[in-house]
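Here the structure comes first, spelled out in structure tokens, and everything after it is commentary.
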Amino acid sequence: MEPKLTPTFFQIISTDYLAQNLFIMIFGPWVIYLLNILIEGEQSFFFVVLAAICTVAGGIAFPWRYWTITSTFEHGEETAASIVDIHVIPTGKKRKDYIIDYEYEFAGQTYQYRNRVKNNSFARNLMQNQKVILLVNRDKPNIAFIKDIHLEYI
């Protein structure tokens with residue numbers, strides 16, 4: 001039996017929209033706080049509190065998202081799915097995200113899942129009604145990730 005592939009830390013934060021934003025939430029507000037000190041020349045209690053709250057929230061939520069993805073890849077079960085819909089979200093001059101809706105059957109029940117991912121060649125080439133391979137979380141079968149999107153190197 002082949003060992004299961006699990007996405008790397010870099011693959012997760014560069015592909016998964018939610019993981020990337022939660023990771024940025026840990027450090028980003030501190031950058032804003034430091035820039036505010038440089039520009040204003042004084043510390044702002046508001047920015048310290050905001051940065052602290054964001055760091056705690058991101059520090060709790062990011063490991064949860066990261067674990068959800070990696071554990072699904074490590075212990076999940078492969079199944080076929082059909083792409084129901086794809087929404088392209090422009091995020092900059094040349095950048096875009098994809099919201100991908102897919103439907104699959106697991107343990108005799110039909111599920112639908114939606115995942116927002118960053119632009120990569122696999123996501124870019126998906127089409128409606130296309131068949132893809134998912135990894136489904138056995139304990140929570142309503143959670144499933146498209147295998148090739150998360151394993152692609154950017």
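Sequence neighbours left out, the pairs with a member in residues 21-38 that pass side-chain hydrogen bond (donor to acceptor under 3.5 Å, both in side chains) are Trp30-Thr55, Tyr33-Gln43.
Aromatic ring centres of Phe9 and Phe23 lie closer together than 6.0 Å.
Judged by distance alone, the side chain of Tyr102 and the main-chain N or O of Ala144 form a donor-acceptor pair under 3.5 Å. At distances below 3.5 Å, not a single donor-acceptor pair connects side-chain atoms of Glu103 with backbone N or O atoms of Ser82. Although no hydrogens or angles enter the test, the distance criterion places a donor-acceptor pair under 3.5 Å between the side chain of Thr79 and the main chain of Glu105.
Residues His150 and Leu135 form no side-chain contact, since every pair of their non-hydrogen atoms from C-beta on lies 4.5 Å or further apart. For the pair Pro7 and Ile69, the minimum side-chain heavy-atom distance is below 4.5 Å. Put simply, the side chain of Gln20 does not reach to within 4.5 Å of the side chain of Arg116, judged on heavy atoms. Within the 4.5 Å cutoff, the side chain of Ile13 has no heavy atoms near those of the Ile24 side chain.
Checked against Ile100 for a side chain to side chain contact (heavy atoms under 4.5 Å, CB included), the options Asp85, Ile149, Val84 give a single hit: Ile149. Checked options Asp101, Ile146, Asn129; the residue passing with Ile83 is Ile146 (criterion: side chain to side chain contact (heavy atoms under 4.5 Å, CB included)).
Distance check: Thr6 OG1 to His75 NE2 gives 8.0 Å after rounding to the nearest 0.5 Å. Remark: Ser44 OG to Leu50 CG distance equals 9.0 Å, nearest 0.5 Å. Rounding to the nearest 0.5 angstrom, the gap separating the CG atom in Asn120 from the CG atom in Asn125 is 9.0 Å. Taken to the nearest 0.5 Å, the CD1 atom of Ile89 stands 11.5 Å off from the NZ atom of Lys96. From Asn115, atom CG reaches atom CD1 of Ile99 across 9.5 Å, with rounding to the nearest 0.5 Å.
Leu134 and Leu5 end up in the same hydrophobic cluster when Ile, Leu, Val, Met, Phe, Trp and Tyr side chains are linked at under 4.5 Å. At a threshold of 4.5 Å between side-chain heavy atoms, the hydrophobic network of Ile, Leu, Val, Met, Phe, Trp and Tyr places Val88 and Leu18 in one connected group. Cluster membership check: Tyr17 does not share its hydrophobic cluster with Ile12, using side-chain heavy-atom separations under 4.5 Å among Ile, Leu, Val, Met, Phe, Trp and Tyr. Hydrophobic clustering, with ILVMFWY side chains joined whenever heavy atoms are under 4.5 angstrom apart, groups Ile37 together with Phe46. The cluster map of Ile, Leu, Val, Met, Phe, Trp and Tyr, joined by side-chain heavy atoms under 4.5 Å apart, puts Ile60 and Ile53 in different clusters.
Residues satisfying the ring-ring contact (aromatic ring centres under 6.0 Å, His included) test with Phe122, not counting sequence neighbours, are none. With sequence neighbours left out, Tyr66 forms a side chain to side chain donor-acceptor pair (under 3.5 Å) with no residue at all. In this structure Gln130 satisfies the side chain to side chain donor-acceptor pair (under 3.5 Å) test with no other residue, sequence neighbours excluded. Ser121 is linked by a side chain to side chain donor-acceptor pair (under 3.5 Å) to Glu152, counting only residues two or more places apart in sequence or in another chain. In this structure Tyr98 satisfies the ring-ring contact (aromatic ring centres under 6.0 Å, His included) test with no other residue, sequence neighbours excluded.
Taking each heavy atom of Tyr111 and Pro141 in turn, the nearest pair found is OH-CG, 3.2 Å. A pairwise comparison of heavy atoms in Ala51 and Pro29 identifies CA-CB, 3.5 Å as the closest pair. Shortest non-hydrogen contact noted between Ala57 and Met25 is CB-CE, 3.3 Å. Of all the heavy atoms in Tyr104 and Ala80, the pair that sits closest is CB-O, 3.5 Å.
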Go through it in stages, so that I can follow the logic: the residues are Arg124 and Asn119, the test is side chain to side chain donor-acceptor pair (under 3.5 Å), and I'd like the CA-CA distance, side-chain angles, deciding distance and then a yes or no. CA-CA 6 Å; Arg124 195 171 31 253; Asn119 187 12; 2.7 Å; yes
Kindly indicate, with the supporting measurements, whether the criterion side chain to side chain contact (heavy atoms under 4.5 Å, CB included) is fulfilled by Ile143 and Tyr113. CA-CA 7 Å; Ile143 297 174; Tyr113 194 72; 4.2 Å; yes
Side chain to side chain contact (heavy atoms under 4.5 Å, CB included), that's the test. Do Phe145 and Thr68 meet it? Break it down for me. CA-CA 10 Å; Phe145 299 100; Thr68 299; 4.1 Å; yes
